[in-house]
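A quick note: this is a predicted structure, and the numbers were derived from the prediction, not measured. Below, chains carry the letters A, B, ... as their sequence lines are ordered, and counting in each starts from 1.
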Amino acid sequence: MNLLKVISRRFETALTALGVDPSPYLDMIRPSQDPKFGDYQANFAMPLGKKLGKNPREVAAEALTHFQFDDLLEPPEIAGPGFINLKVKESALAELVQKEAGDERLGIEPTDVRKKYVLDYSAPNVAKPLHVGHIRSTMIGNSLSRILRFLGHDVVSDNHLGDWGTQFGMIIYGYRNFLDAAAYEKEPVAELARLYRLTRQLVDYYKAKEEVGSLLQARDAAQLALDAQKSKCAALKQQDEADKTKESKEALKKANKERERLSKELSSAQERYDSVQKKIAEVEQNEDVLKLAQGRETIGVDVLAETSKLHHGDEANLALWRQFIPQCMTEVDKIYNDLNVHFDLTLGESFYNDKLGPLVERLKNAGIARETEGAVGIFLDGHDAPMLIQKSDGAYLYATTDLATLEYRRDAFKPDAILYVVDFRQSLHFEQLFEAAKYLGMGDVQLVHVKFGTVLGEDGKPFKTRAGKSVGLRSLLDEACSRAYEVVKNNDMNRAAEDRFSEEEMRETSKRVGIGALVYADLSQNRESDYVFSYDKMLAMNGNTATYMQYAYARVRSIFTKGGVDVDDLRRSFADGRNKLTFTKPEERALAFELLQFHAALANVERDFRPNFLTAYLYELANKYSAFFEKCSVLKAEDEKTKASRLLLCDLTARTIEKGLDLLGIQTVERM
RNA sequence: GUCUCCAUAGCUCAAUUGGAUAGAGCGUCGGCCUCCGAAGCCGAAGGUUGCAGGUUCGAUUCCUGUUGGAGACGCCA
């Protein structure tokens, strides 16, 4: 039940009766930010008063004469410049909450504007291990998929794997040249990862050797420029001290700014130089690797050749590729399993391989794409550079696959909307892609780049460990579980011996708690902002965390266990009128009202594709429950009626938390 | 050089899209377990929302300028 919607509809009637078009004003009815202003507030009287040239308070009063409220609300109050404060009647509130408690779907009716969504998320490059950066796309997409489904939409989730790029050229090259057959026999995934890293290292090595000279020159040039600017600044400073005019001051300021810019340029040139030096040193200081490097000056083009052969249907390379893919996927799938992530489809880039050539031909023939400097591109309105869809060597690009994917999805699923849960740095690419989609006649499909920010290290740069390697998702998950294990075990020690967890229960519990914390930490962030990675923050277990909600849930469950409550009978007793929800303390009412806001929270998520509206709601709910828990004894309530009433609030709270967490991909535990 | 995004408490982040006194967590300080689970609760301190203008009944939110940070910008994905 979305109470706000009901109230909105009634105001729609009231405003229409006033003779105004209600549509722009209905959004101005919203939950109050402060309980002293009631439960909801309507803010339309001020702009409306302005428009009608009347006193806003009068407008409010007039609207209220047409507003039917007495079954739902206390008499509305007009406050301040013309705010209308609304408070839900206790009897109505009790009735609504009872209804939700008796409903499988917690009172949330499936939407009446059912849409078909294609949801594109996760999309890792399967040749490489997943790292911390992959968690955002994966978890945001996964929770959106669950939420949209629950709201009644049709969702096709598709994992657009990177299974066809240069990385496979690397692995194939590595396999042909560096394979340790015994290791491959024993642990194929680890060996493939090693081959990838080694080949990559050697490619980088020769590239670095090629670049090192010019990078050194660039650094020296930057140094010279900076030195020159420094003396210029010194001269200008002397000048200024002598003249002390406005002009001399300006000139000095400008020169100093330029000096700062040059200084930054120098450090970035230095950084680039150091980075290639390091790559060279890493190879040359390791005898074994150096030996492998010798005589492979052409490894860069050789790797590309392997990739190209694969793309052009070379049987030997295709056979290797078919052998590698499932091996690469075992580890990825294991992580998906741990994270409670599912896909309806997994159509990687390779799936579109044979569609690329014909697509480019069609676009050329239709005059949408044309040749430019040997390559083929689509020239788009509002963009200087064309979107290239074929390289001058004939190879296809990212954009080509994306266009082919777009067409395939249009034809296969006929979606109303396609959502791409992808890093914000690809904004421009999607702008171009969506623009190009119009040329393909897809103007009626809603295309959304659900963008998210970068995971940063403590230095404010995209996250890397000190060794320069990104934190693997596997080790992050393991760390999450082991930290949770400590806490769970510590708590368990305080229990009576006969109540303690078995080792297996302990492991399962700490897995749910640890991974829940990790997932929640990501989803509770506004997806558009970058965030700084920290183990302590990602794996925290108090405050606004999944653990807090899981804890609230476990406390409810423990009341039911301890009280020997038959939940089914409890629910029935309200349905058949034996019991009735009543509020004797303010904490009960506050909790009941919060329970009613679940639908609105999900609607907010749907509007902006932002799961953090749901986490914020769950936190608020668990918070209200904690206050209720402190102030209202359940099992030792004053009388049986109050006890039953409170038990129902507990039951609905637990179910709402469980459902809410489930929609985020997080599991609950009965005890923790 | 062009374009995009960001700037909120000591730190990390919110703020239901323009609403009333800007909220949490962590950290700091002080209270609360003979009482359904203290992974909790209650309270205190902490803010010129980067800066300067503008729009209006009302601005963290919209506009202009400015400073600082991040990112993207035809043959990578």
Q. What does Ala627(A) touch in the nucleic acid at a heavy-atom separation under 4.0 angstrom: a base, only the sugar-phosphate, or nothing?
A. nothing

message: Looking at Ile666(A), is its backbone amide N or carbonyl O close enough to the side chain of Arg512(A) to form a donor-acceptor pair, meaning the two atoms are under 3.5 Å apart?
response: no

Margin query: Using a heavy-atom cut-off of 4.0 Å across all strands, would you classify Gln550(A) as base, sugar-phosphate, or nothing?
Written below: nothing

Here the distance between atom P of G23(B) and atom CG of Asn612(A), to the nearest Å, is 18 Å

Distances for protein N or O near nucleotides 31-38 of chain B N or O, under 3.5 Å:
from   : atom 1 : to        : atom 2 : distance (Å)
C36(B) : O3'    : Lys562(A) : NZ     : 3.4
C36(B) : O2     : Val634(A) : N      : 3.3
C36(B) : O2     : Leu635(A) : N      : 2.9
C36(B) : N3     : Val634(A) : N      : 2.8
C36(B) : N4     : Phe629(A) : O      : 2.6
C36(B) : N4     : Cys632(A) : O      : 2.5
G37(B) : OP1    : Ser558(A) : OG     : 2.6
G37(B) : OP2    : Lys562(A) : NZ     : 3.4
G37(B) : O2'    : Tyr551(A) : OH     : 2.9
G37(B) : N7     : Ser558(A) : OG     : 3.3
G37(B) : O6     : Met672(A) : N      : 3.1
G37(B) : N1     : Met672(A) : O      : 2.9
G37(B) : N2     : Asn491(A) : ND2    : 2.9
G37(B) : N2     : Met672(A) : O      : 3.2

When rounded to whole Å, the CG to C1' distance for the pair Asp423(A) and A70(B) reads 12 Å

Sorted by chain and number, sequence neighbours left out, side chain to side chain donor-acceptor pair (under 3.5 Å) with Ser122(A) holds for Thr138(A), Tyr336(A)

Per the under-4.0 Å heavy-atom filter, residues of residues 32-44 of chain A near RNA chain B come out as Gln33(A), Lys36(A), Phe37(A), Gln41(A), Asn43(A)

### Query
What is the nucleic acid contact for Thr166(A), judged by heavy atoms within less than 4.0 Å: base, sugar-phosphate only, or nothing?
nothing

Please work out if Pro47(A) contacts a base, only the sugar-phosphate, or nothing of the nucleic acid, heavy-atom cut-off 4.0 Å.
base

Polar atoms only, N or O, under 3.5 Å: list the protein pairs with nucleotides 24-27 of chain B and their distances.
from   : atom 1 : to        : atom 2 : distance (Å)
A24(B) : O2'    : Tyr619(A) : OH     : 3.4

Check the phosphate of G40(B) against Asn623(A), side-chain N and O only, distance under 4.0 Å to OP1 or OP2. Yes or no? no

Pick base, sugar-phosphate or nothing for Asn490(A), based on heavy-atom distances below 4.0 Å to the nucleic acid. nothing

| task | Select base, sugar-phosphate, or nothing to describe what Ala616(A) touches, counting heavy atoms under 4.0 Å on all strands. | result | nothing

If you restrict it to nitrogen or oxygen atoms, what contacts under 3.5 Å exist between nucleotides 1-12 of chain B and the protein, and what is each distance?
from   : atom 1 : to        : atom 2 : distance (Å)
U12(B) : O2'    : Lys537(A) : NZ     : 2.6

Stems for RNA chain B (at least 3 consecutive Watson-Crick or G-U pairs, under 3.5 Å) come to B:1-7 with B:67-73, B:10-13 with B:23-26, B:28-32 with B:40-44, B:50-54 with B:62-66

Arg370(A) NZ/CZ over Phe379(A) ring centroid, <6.0 Å and within 45° of normal:
yes

By the 4.0 Å heavy-atom rule, please label Pro81(A) as base, sugar-phosphate, or nothing. nothing

